[in-house]
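This report concerns only the one structure given below.
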Amino acid sequence: MISFFWQGCLHPLSVPGHLLVLLALGLLLGQQDKFSLRSSLGLFVLSLVLALVLTPLLPPLQYNEFILLLLAFILSLLVIIKLPLPLGLVLCLSVSTALLLGLDSRAPRLPGLAVSKIYLHALGTSLSASLILTLLASLSFYLNKLLAGIAVRIIGAWIAASSLMVLALLIQHSLPLLTAP
């Protein structure tokens, strides 16, 4: 019973798309003001819990990992540019990230698996993703005070490059192999 909780806790750390999008969103939220940071984190947690509750009821999405990596790339570009974003856009990015993460964090489907184990997995996923995002956003918020946020922007560039590499591998893996005659 407890192993499903720990599997859920490790899920955002073991899926590259999840980790990259959490890193990018955390850095982006850290570049905003305190009110935007607090409201975005709260809305992220609520949206993630809603998505995780609805995940067992909805069919799996086909291109969710592709969309997550694309979102990580866009978020990291916003980190690099370091523009002050309007509150509505920051909230929209937080909600869309949370919904995509939640809908892509499906518990393993096993015959006879109790519903309580599925929701233990969801609880672990929501706790760890929320904790990771909160820690990253707080760290980014204080790192932005040093050297005009250059370190955060460099990390954002690395996230952009990483998300493009994983995206290229995903596209290459999903295309059928062309065989020479």
Measure the shortest side-chain to side-chain distance between [X] and [Y] over non-hydrogen atoms and say whether it is less than 4.5 angstrom.
{"X": "Pro12", "Y": "Thr125", "result": "yes"}
{"X": "Leu27", "Y": "Leu143", "result": "no"}
{"X": "Leu28", "Y": "Gln32", "result": "yes"}
{"X": "Ser140", "Y": "Leu29", "result": "no"}

Closest approach of [X] and [Y], non-hydrogen atoms and distance?
{"X": "Ala51", "Y": "Thr55", "result": "O-OG1, 2.6 Å"}
{"X": "Ser126", "Y": "Leu52", "result": "CB-CD1, 3.5 Å"}
{"X": "Ser40", "Y": "Val90", "result": "OG-CG1, 3.0 Å"}
{"X": "Leu48", "Y": "Ala129", "result": "CD2-CB, 3.7 Å"}

By side-chain contact (heavy atoms from CB on, under 4.5 Å), which residues pair with [X], not counting sequence neighbours?
{"X": "Thr134", "answer": "Leu41, Ser138"}
{"X": "Pro86", "answer": "Leu89"}
{"X": "Leu10", "answer": "Leu13"}

Using modelled atom types only, decide if a donor and an acceptor are shared between the side chain of [X] and the backbone of [Y] within a distance under 3.5 Å.
{"X": "Ser47", "Y": "Phe44", "value": "no"}
{"X": "Ser96", "Y": "Leu93", "value": "yes"}
{"X": "Gln31", "Y": "Val79", "value": "yes"}

If Ile, Leu, Val, Met, Phe, Trp and Tyr residues are connected whenever their side-chain heavy atoms lie under 4.5 Å apart, and connections chain through other members, are [X] and [Y] in the same group?
{"X": "Val15", "Y": "Leu167", "answer": "no"}
{"X": "Leu46", "Y": "Leu58", "answer": "no"}
{"X": "Leu146", "Y": "Leu135", "answer": "no"}
{"X": "Leu123", "Y": "Trp6", "answer": "yes"}
{"X": "Leu131", "Y": "Leu23", "answer": "no"}

Residues 63-75 side chain polar contacts: donor-acceptor under 3.5 Å, at least two apart:
residue: Asn64; atom: ND2; partner: Leu100; partner atom: O; Å: 3.1

Review point. What residues join Leu87 in its hydrophobic cluster, counting side-chain heavy atom gaps under 4.5 Å, either direct or through other members?
Key: Phe35, Leu43, Leu91, Val95, Leu99
Study note, to complete from the structure: dist Asp104:CG -> His11:NE2 (nearest 0.5 Å) comes out at 6.0 Å
Practice item. Would you give the length of the straight line joining atom CD1 of Ile132 to atom SG of Cys9, rounded to the nearest 0.5 angstrom? Key: 9.0 Å
Side-chain polar contacts of residues 149-159 - donor-acceptor pairs under 3.5 angstrom, sequence neighbours left out - could you list them?
residue: Arg153; atom: NE; partner: Ile80; partner atom: O; Å: 2.8
residue: Arg153; atom: NH2; partner: Ile80; partner atom: O; Å: 3.0

